[in-house]
Protein chains: 2
Amino acid sequence: MARKKNSSAEVTGPRIRSAAQRLFARHGYAAVSMRQIAAEVGVQAGALYMYTPDKQSLLYDMMHDHLQALLDSHAALPECADPVARLEQFTRFHIRFHNARSDAVFIAYMELRNLDEGNFKRIEAMRRDYEARLQAVLEHGRAAGVFQLPDTKLATFAVIAMLTGVTTWYREGGRLSLSHVEDVYWNMVRKAVGA
Amino acid sequence: MARKKNSSAEVTGPRIRSAAQRLFARHGYAAVSMRQIAAEVGVQAGALYMYTPDKQSLLYDMMHDHLQALLDSHAALPECADPVARLEQFTRFHIRFHNARSDAVFIAYMELRNLDEGNFKRIEAMRRDYEARLQAVLEHGRAAGVFQLPDTKLATFAVIAMLTGVTTWYREGGRLSLSHVEDVYWNMVRKAVGA
DNA sequence: GTCTATACCGCGATAGAC
DNA sequence: GTCTATCGCGGTATAGAC
């Protein structure tokens, strides 16, 4: 117990980030004011600037942290030798990771145009890195003769769009469990790549 | 020649709508000001209110007109008896229609949250109407035993997400022609539904 | 039909008290 | 660490001249 744990300082920062994330996802970055974020947290607007230099950094940091977690979690997956198993692993990982973080996903896809130039380039590079990992899986399977794909780049776009689309309609506690959704989507992906 | 055709009044309205569409697509509804739209058209901000009651109507009208054109164009397609031919027709239509109108598509998907409640409900109903038409195609093929689909609702979401995704990366004059992209995507869709 | 001028409000961000 | 107060700006929308 060397130091106090429940001081407001240690708790206000994360609360600001999570309020900002919820509000940005719901109403859009440009439509949300610093005063609204402050009200959600229960402080005055001026106090936010103890935790972020400006509104833009609030957006960039949440997008960066989201993509970094995505890349790290993906990198931590166990290795698979079989191309089909690798693709199944990617499919299930993508659906599960994205659906656990629907606010962050929504922001990462919708608010790119509200990043200033340097921040945009950094975020885009991370997104391309992730896409390249799926493309590598597809290319590996194609080279092994397991997938029938005329164009792995297009297939990458198609698979990612299809899988990410789950976040737009899936809601916990609805008609289907997420693992059932995974099964159905994996079945479609598998057939689409010709495996 | 009963009346003057080139009066500014007949030309300013459409120019406002197209400037607003371009700016909303590029920067987002909330981030674009009426002054910016006016500057783009070459009039003063006050003059916009001769053509729209407010900024919200500008957004709603462009989304409504886009979806109405989508529904009308789809309804005008020639009838097909064969389920596979119907799905191919839908696939190619969807890609072609959406890629010819990337600004409107972007807005229709990204700015839903900036519609006020009544407008949102109307737009959502139109979008669901369109999705139901694809689901009917899939259901028809499934009932005929031509498609292997455990869940036509999920397949509808998957196909629409995949096809609409083309608008996020396709650019005229790039590596591939749009009709080649259609071919590749149709091939993936066909296999995904088990036809 | 479009202009200028302006009402009124809320924005992001900062300064200085406590 | 948070508050109150405030700066300077730009937002939507309207009024009235031309």
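Just so it is clear: chains get the letters A, B, ... in the order the sequence lines come, proteins before strands, and each one is counted from 1. All of these numbers come straight from a predicted model, not from anything done at the bench. Every heavy atom of this structure was used, including side-chain atoms; hydrogens, water molecules and symmetry mates were not.
In this model, the phosphate group of dT2(C) is approached by a side-chain N or O of Thr12(B) to a distance below 4.0 Å at OP1 or OP2. Note on Gln44(B): every side-chain N or O is 4.0 Å or more away from OP1 and OP2 of dT2(C).
Distance CG (Leu58(B)) to P (dA13(D)): 10 Å, rounded to an integer number of Å.
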Practice task
Heavy atoms under 4.0 Å is the rule here; annotate nucleotides 12-18 of chain C 5' to 3' with B where the base is hit, S where only the sugar-phosphate is, and - elsewhere.
Solution key: BBB----

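Counting only residues at least two apart or on different chains, the ring-ring contact (aromatic ring centres under 6.0 Å, His included) pairs with a member in residues 168-195 of chain B are Phe157(A)-Trp169(B). Applying the ring-ring contact (aromatic ring centres under 6.0 Å, His included) test to residues at least two apart or on different chains, the pairs with a partner in residues 12-39 of chain A are Phe24(A)-Tyr29(A). Evaluation of the salt bridge (charged side-chain N to carboxylate O under 4.0 Å, His left out) test over residues 33-56 of chain B, restricted to residues two or more places apart or in two chains, returns Arg22(B)-Glu40(B).
The nearest pair of heavy atoms linking Ser73(A) to Phe97(A) is OG-CE1, 3.5 Å.
Among residues two or more places apart in sequence or in another chain, the salt bridge (charged side-chain N to carboxylate O under 4.0 Å, His left out) test is passed with Asp151(A) by Arg175(B).
Contacts between residues 19-28 of chain B and DNA chain D, defined by a heavy-atom separation under 4.0 Å, are absent.
Aromatic pair His98(B)/Phe93(B): ring centres not closer than 6.0 Å.
The cationic group of Arg92(A) does not satisfy the cation-pi geometry with Phe90(A), failing either the under 6.0 Å distance to the six-membered ring centre or the 45° limit from the ring axis.
Salt-bridge formation is not detected for the pair Arg128(B)/Glu131(B): no Lys NZ or Arg NE/NH1/NH2 atom is positioned less than 4.0 Å from an Asp or Glu carboxylate oxygen.
The Met50(B) side chain lies nearest to dG1(C) when the options are dC3(C), dT2(D), dG1(C).
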